[in-house]
Amino acid sequence: DCDGDGVTNGTECADTTNPIDPCDYIDTSITLPVTADQSGCSQLCTDLTPVSTIAPANISGSSSVGYAVQIYELGGLDTDGTAISVRIPSDPRFTFTWDPALTSVAFTTVYNSDWLYTGTNNVFHTFRYIGNNGVISGNDDTAFGFEAIYDPQSTNGQTTITATVVPFSGGECNLFNNTDSERLVYFY
């Protein structure tokens, strides 16, 4: 990756982009860390990605579970002030009460006061970033989380709890890294 744009030289040659121009690449070809200064590139936009954490990840019977979602801005640019929303599927076995004063959950520091839980439509729980006038600074992160109860309802198995950044939130344009899941294993 001679130009540091996160795309290997071979891939850039194959997709006919310039392997020595850090501004000439195809977004979906990025497989490496971006190390170039791309502040002068005109096609740049923010890139938000979630990282979720669940603790404990193995439970027996109805149990307390902590769940945290960290949102990272990877593009080095501030988001554009449009709504930044994150969705988590609604599951009647996984219930929680939103606590805007919570500061730590699942071994993660969270900033719930910067997030608004807008509720559920019985398909998704939706959270909206309201801190810093709704702007996540370039290369910065924020997080929210909650303490929940998971009730396996007399079954054994596993499920995934997935956090998804709603596409185009905050002006982001890389839609290929908008979800992260954690597995929860449960026993009766």
Side-chain angles (χ1 to χ4, degrees), residues 1-54 57 67-91 94 106 108 110-111 114-116 118 120-121 123-132 134-145 158-184:
D1 183 16
C2 290
D3 56 8
D5 62 6
V7 182
T8 64
N9 293 341
T11 300
E12 288 207 88
C13 288
D15 63 20
T16 66
T17 58
N18 186 343
I20 57 171
D21 180 354
C23 296
D24 187 20
Y25 59 90
I26 296 173
D27 286 340
T28 55
S29 297
I30 297 173
T31 58
L32 302 170
V34 177
T35 58
D37 175 8
Q38 296 177 318
S39 59
C41 300
S42 62
Q43 78 271 22
L44 290 178
C45 59
T46 61
D47 180 13
L48 299 176
T49 192
V51 174
S52 56
T53 305
I54 195 164
Y67 187 73
V69 180
Q70 295 168 280
I71 304 297
Y72 292 90
E73 195 296 312
L74 304 176
L77 299 170
D78 294 356
T79 60
D80 67 7
T82 58
I84 298 169
S85 297
V86 177
R87 292 184 181 147
I88 297 169
S90 184
D91 180 343
F94 190 58
T108 304
V110 295
Y111 308 94
D114 289 344
W115 288 85
L116 177 66
T118 62
T120 182
N121 61 5
V123 177
F124 295 104
H125 296 282
T126 303
F127 302 83
R128 186 167 44 92
Y129 182 66
I130 58 173
N132 193 30
V135 174
I136 298 175
S137 299
N139 296 318
D140 204 356
D141 66 280
T142 184
F144 67 90
Q158 62 185 10
T159 189
T160 55
I161 312 297
T162 303
T164 302
V165 173
V166 173
F168 308 109
S169 284
E172 69 122 12
C173 62
N174 180 5
L175 310 181
F176 298 100
N177 62 351
N178 283 25
T179 63
D180 188 52
S181 298
E182 283 293 305
R183 183 182 327 186
L184 177 65

Asks: Run the numbers on Ser137 and Asp78 for side chain to side chain contact (heavy atoms under 4.5 Å, CB included), then give the verdict.
Replies: CA-CA 4 Å; Ser137 299; Asp78 294 356; 3.7 Å; yes
Asks: Could you check whether any side-chain heavy atom of Gln158 comes within less than 4.5 Å of a side-chain heavy atom of Leu184, counting everything from C-beta outward?
Replies: no
Asks: How long is the span from the OH atom in Tyr67 to the OG atom in Ser52, to the nearest 0.5 Å?
Replies: 3.5 Å
Asks: Looking just at side-chain N and O atoms, do Asn18 and Asp24 make a donor-acceptor pair shorter than 3.5 Å?
Replies: no
Asks: Which atoms form the tightest heavy-atom contact between Tyr72 and Asp141, and what is the distance?
Replies: CD2-CB, 3.4 Å
Asks: Specify the closest pair of heavy atoms between Cys13 and Pro19, including all atoms of both residues, with the distance to one decimal.
Replies: SG-CG, 4.1 Å
Asks: How far apart are the closest heavy atoms of Ser85 and Arg128, and which atoms are they?
Replies: OG-CG, 4.2 Å
Asks: Heavy-atom distance under 4.5 Å between the side chains of Ile20 and Glu12, does that happen here?
Replies: no
Asks: Return the CG to CD1 distance between Asp91 and Ile88, rounded to the nearest 0.5 Å.
Replies: 12.0 Å
Asks: Minimum heavy-atom separation for Asp3 to Ala36, with atom names?
Replies: O-CB, 3.1 Å
Asks: Mind telling me whether Phe144 and Trp115 have parallel, tilted or perpendicular rings, with 30° and 60° as the class edges?
Replies: tilted
Asks: Of Thr164, Thr162, Thr160, which is the lone residue that meets side-chain hydrogen bond (donor to acceptor under 3.5 Å, both in side chains) with Ser181?
Replies: Thr162
Asks: If you look at every heavy atom in Ala163 and Val86, which pair is closest and at what distance?
Replies: CB-CG1, 4.2 Å
Asks: Do side-chain atoms of Asp21 reach the backbone of Cys23 as a donor and acceptor pair under 3.5 angstrom?
Replies: yes
Asks: Search all heavy atoms of Pro50 against all heavy atoms of Ile71 and return the closest pair with its distance.
Replies: CB-CD1, 3.7 Å
Asks: To the nearest 0.5 Å, tell me how far Asn178 CG sits from Phe168 CZ.
Replies: 9.0 Å
Asks: Can you find a pair of side-chain heavy atoms, one from Thr79 and one from Leu48, that are under 4.5 Å apart?
Replies: yes
Asks: Show your working on side chain to side chain contact (heavy atoms under 4.5 Å, CB included) between Glu73 and Asp140 and close with a plain yes or no.
Replies: CA-CA 6 Å; Glu73 195 296 312; Asp140 204 356; 5.6 Å; no
Asks: Looking only at the side chains, is there a donor atom on one of Asp114 and Thr142 sitting less than 3.5 Å from an acceptor on the other?
Replies: no
Asks: How long is the span from the CD1 atom in Ile136 to the OG1 atom in Thr46, to the nearest 0.5 Å?
Replies: 8.5 Å
Asks: Start with the C-alpha gap between Asn177 and Asp47, add the side-chain angles, then the distance that decides, and say whether side-chain hydrogen bond (donor to acceptor under 3.5 Å, both in side chains) holds.
Replies: CA-CA 8 Å; Asn177 62 351; Asp47 180 13; 3.2 Å; yes
Asks: Ignoring hydrogens and angles, state whether a donor on the side chain of Asp1 or Asn9 is under 3.5 Å from an acceptor on the partner side chain.
Replies: no
Asks: Find the distance between OG1 (Thr49) and CG (Leu175) and round it off to the nearest 0.5 Å.
Replies: 11.0 Å
Asks: Distance from Asp80 atom CG to Glu172 atom CD, nearest 0.5 Å?
Replies: 10.0 Å
Asks: Would you say that Asn139 contacts Leu74 through its side chain, given a criterion of any heavy-atom pair below 4.5 Å between the two side chains?
Replies: no
Asks: Among Thr17, Asp15, Thr11, which residue satisfies the side-chain hydrogen bond (donor to acceptor under 3.5 Å, both in side chains) criterion with Ser29?
Replies: Asp15
Asks: Answer whether the closest heavy-atom distance between the side chains of Phe176 and Ile30 falls below 4.5 Å.
Replies: no
